[in-house]
Amino acid sequence: MLTLFGVRNQRRSSRPLSVGDMDYLEPKTKNNLLGKLLLLASLVILAIIVISRSSSFTSPSVFSQREEGVTHVLVTGGAGYIGSHAALRLLKDSYRVTIVDNLSRGNLGAVKVLQGLFPQTGRLQFIYADLGDPAAVEKIFSENAFDAVMHFAAVAYVGESTLYPLKYYHNITSNTLGVLEAMARHKVKKLIYSSTCATYGEPEKMPITEDTPQVPINPYGKAKKMAEDMILDFSKNSDMAVMILRYFNVIGSDPGGRLGEAPRPELREQGRISGACFDAARGFIPGLQVKGTDYKTSDGTCIRDYIDVTDLVDAHVKALQKAQPRKVGIYNVGTGKGRSVKEFVEACKKATGAEIKVDFLPRRPGDYAEVYSDPTKILRDLNWTAQYTNLQNSLQVAWRWQKIHPHGYASY
């Protein structure tokens, strides 16, 4: 009697006909048995497929296991400008990398470039997720064995932060708390935190050292300082190795021409001055707007410390290598030399070979007059110093990528 497949009790068929020593089933009985065997075989095959696809029966992902000699780094915001360059450097140095990004500011095209460069199993994975979703963060940490986190993910425009301050506190401060809690729960032992010189505000003395008082004057800087404070408070009773890197104005792109800066069109007005210069050089916008000409500086425009992204990611890798349990390192990452916005514009004109129309406008809310770093401490402790310090050369490298990719990563 077969009940497993929903077949009701049936009357046995008549005795098979016998010819010599061989039995022959009647055609109707033979067909019924064949159908049942086919059904049984189909169900077995289906069960095998279901089992093979079940996470509880599959072989563990290499990303979920620690491997001797391999350091697995979670790069939050790894589809963004700085994060993607950091991921590239880590991959080149044989780290295992997981990128987490919600693509609100990042570019999937940058991830595709990295995947094309490093297609080998166990080198790179991308997870589309929002760090503001606690369930998603928990799932990421529970399914992966991270050795370290480089936390880049953040909205990062000073002007925008003055318009939407709560967005900045949520995205920067609250999300950093979520990452820190997940790291503690899952015993991830190293954190390299991406901070900013905006936490210093407008210091009375230049250059800025790591001991310069932090008095931020815009929500972006305030949100970053709050995140720093949380990390520092947590580290007092933790064996986590922490590095906080406060960096200055980032420019440039990968010298190999594989990655570049590609902000979303709707954010161009809030973006970096380099992006605005390139847009003006290509005719995407009628000219360059310099906001603020009455600052107490040599030419009336803001003075900034421009750090090449290649140098910046090198500082992150050195910080990762030098991070020690139960210790916190705080470092400024800059060249130690300030350049005015007018100087920057002239360098951009030379780098692009374009005549760029410049409009001088009133100050932008939240900006400060003069900011440049003293890199003495990072040189002493991490043996790091900026190598790409020629402003025009850095802009030329970035411009090459911009010319080849006028619409950013849209073609990927």
Side-chain angles (χ1 to χ4, degrees), residues 73-78 80 82-83 86 90 131 146-156 168-169 171-184 188-201 203 207-216 218 220-250 305 307 309 311-334 336 371-386:
V73 183
L74 167 61
V75 180
T76 71
I82 300 171
L90 289 168
L131 296 180
F146 300 124
D147 298 296
V149 174
M150 283 191 181
H151 184 30
F152 293 99
V155 286
Y168 273 66
Y169 292 120
N171 181 273
I172 295 173
T173 312
S174 178
N175 288 2
T176 298
L177 175 60
V179 169
L180 194 61
E181 289 175 331
M183 290 182 68
V188 182
K189 298 299 185 182
K190 287 186 179 182
L191 171 63
I192 314 301
Y193 182 62
S194 166
S195 192
T196 171
C197 64
T199 63
Y200 293 114
I208 295 173
T209 72
E210 288 77 3
D211 294 324
T212 296
Q214 289 177 286
V215 189
N218 53 61
Y220 171 56
K222 291 175 183 178
K224 282 288 189 179
K225 184 180 183 301
M226 288 180 184
E228 282 193 20
D229 290 342
M230 285 192 308
I231 294 168
L232 293 173
D233 286 341
F234 169 75
S235 67
K236 292 174 183 176
N237 297 299
S238 167
D239 60 356
M240 189 180 293
V242 174
M243 292 288 200
I244 295 173
L245 302 184
R246 298 171 183 158
Y247 41 89
F248 289 66
N249 293 68
V250 188
D305 189 339
I307 176 75
V309 68
D311 282 328
L312 180 59
V313 298
D314 182 54
H316 280 77
V317 173
K318 282 186 166 61
L320 178 62
Q321 294 168 343
K322 297 279 189 177
Q324 296 296 320
R326 295 177 295 280
K327 291 186 179 179
V328 178
I330 300 176
Y331 299 100
N332 290 335
V333 187
V371 176
Y372 61 95
S373 71
D374 178 352
T376 300
K377 183 181 178 184
I378 194 170
L379 172 61
R380 182 188 69 225
D381 292 359
L382 305 187
N383 194 31
W384 177 92
T385 187

Can you confirm whether [X] sits close enough to [Y] that some side-chain heavy atom of one is under 4.5 Å from a side-chain heavy atom of the other?
| X | Y | answer |
| --- | --- | --- |
| Asp305 | Val371 | no |
| Asp311 | Trp384 | yes |
| Leu232 | Ile330 | yes |
| Asn332 | Thr212 | no |
| Tyr169 | Lys222 | yes |
| Tyr331 | Arg380 | no |

ask   = So Tyr193 and His151, would you call those rings parallel, tilted or perpendicular, with 30° and 60° as cut-offs?
value =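 Plane angle between 30° and 60°, so tilted.
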ask   = Can you say whether the rings of Tyr247 and His316 are parallel (under 30°), tilted (30 to 60°) or perpendicular (over 60°)?
value = perpendicular
Closest heavy-atom pair and its distance - [X], [Y]:
| X | Y | result |
| --- | --- | --- |
| Leu320 | Ala148 | CD1-CB, 3.6 Å |
| Ile307 | Ala386 | CD1-CB, 4.1 Å |
| Ala156 | Tyr220 | CA-CE1, 3.7 Å |
| Ser235 | Val328 | OG-CG2, 3.4 Å |
| Ile82 | Val313 | O-CG1, 4.1 Å |
| Ser195 | Ile244 | CB-CG2, 3.9 Å |

task = Please answer whether the main-chain N or O of Ala153 pairs with a side-chain N or O of Thr76 as donor and acceptor at a distance below 3.5 Å.
result =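 Checking the backbone N and O of Ala153 against the side chain of Thr76, a donor-acceptor pair under 3.5 Å is found.
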inquiry  = Is it the case that the side chain of Thr173 and the backbone of Ala223 share a donor-acceptor pair, with hydrogens and angles ignored and the cut-off at 3.5 Å?
reply    = yes
ask   = Taking Tyr200 as the fixed residue, which of Arg246, Lys225, Glu210 is the one that meets the side chain to side chain donor-acceptor pair (under 3.5 Å) rule?
value = Arg246
Test log, rule side chain to side chain contact (heavy atoms under 4.5 Å, CB included), inputs Lys189 and Asp239 = CA-CA 7 Å; Lys189 298 299 185 182; Asp239 60 356; 3.3 Å; yes
message = Out of the candidates Arg326, Lys327, Met183, only one should pair with Met240 under the side-chain contact (heavy atoms from CB on, under 4.5 Å) rule; please name it.
response =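 Checked Arg326, Lys327, Met183 against Met240; only one passes side-chain contact (heavy atoms from CB on, under 4.5 Å): Met183.
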query = Rounded to the nearest 0.5 Å, how far apart are CG of Asp374 and CG of Leu379?
reply =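 Between Asp374 CG and Leu379 CG, I get 10.0 Å after rounding to 0.5 Å.
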task = Look up atom CD in Gln214 and atom CD1 in Ile208, then write down how far apart they are to the nearest 0.5 Å.
result =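 Answer rounded to 0.5 Å: 10.0 Å.
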task = Check whether more than 12 heavy atoms from other residues, nucleotides or ligands sit under 6.0 Å from atom CG of Asn383, and answer yes or no.
result =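 Counting neighbours around CG of Asn383, 12 or fewer heavy atoms of other residues, nucleotides or ligands fall under 6.0 Å, so no.
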Flag if over 12 foreign heavy atoms under 6.0 Å of NZ, Lys322 =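 Atom NZ in Lys322 is not crowded, with 12 or fewer foreign heavy atoms closer than 6.0 Å.
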N-O pairing of Lys190 and Asp147 below 4.0 Å =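 Asp147 and Lys190: not salt-bridged.
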ask   = How far apart are the C-alpha atoms of Asp211 and Thr209, what are their side-chain angles, what is the distance that settles it, and do they pass the side chain to side chain donor-acceptor pair (under 3.5 Å) test?
value = CA-CA 5 Å; Asp211 294 324; Thr209 72; 4.8 Å; no
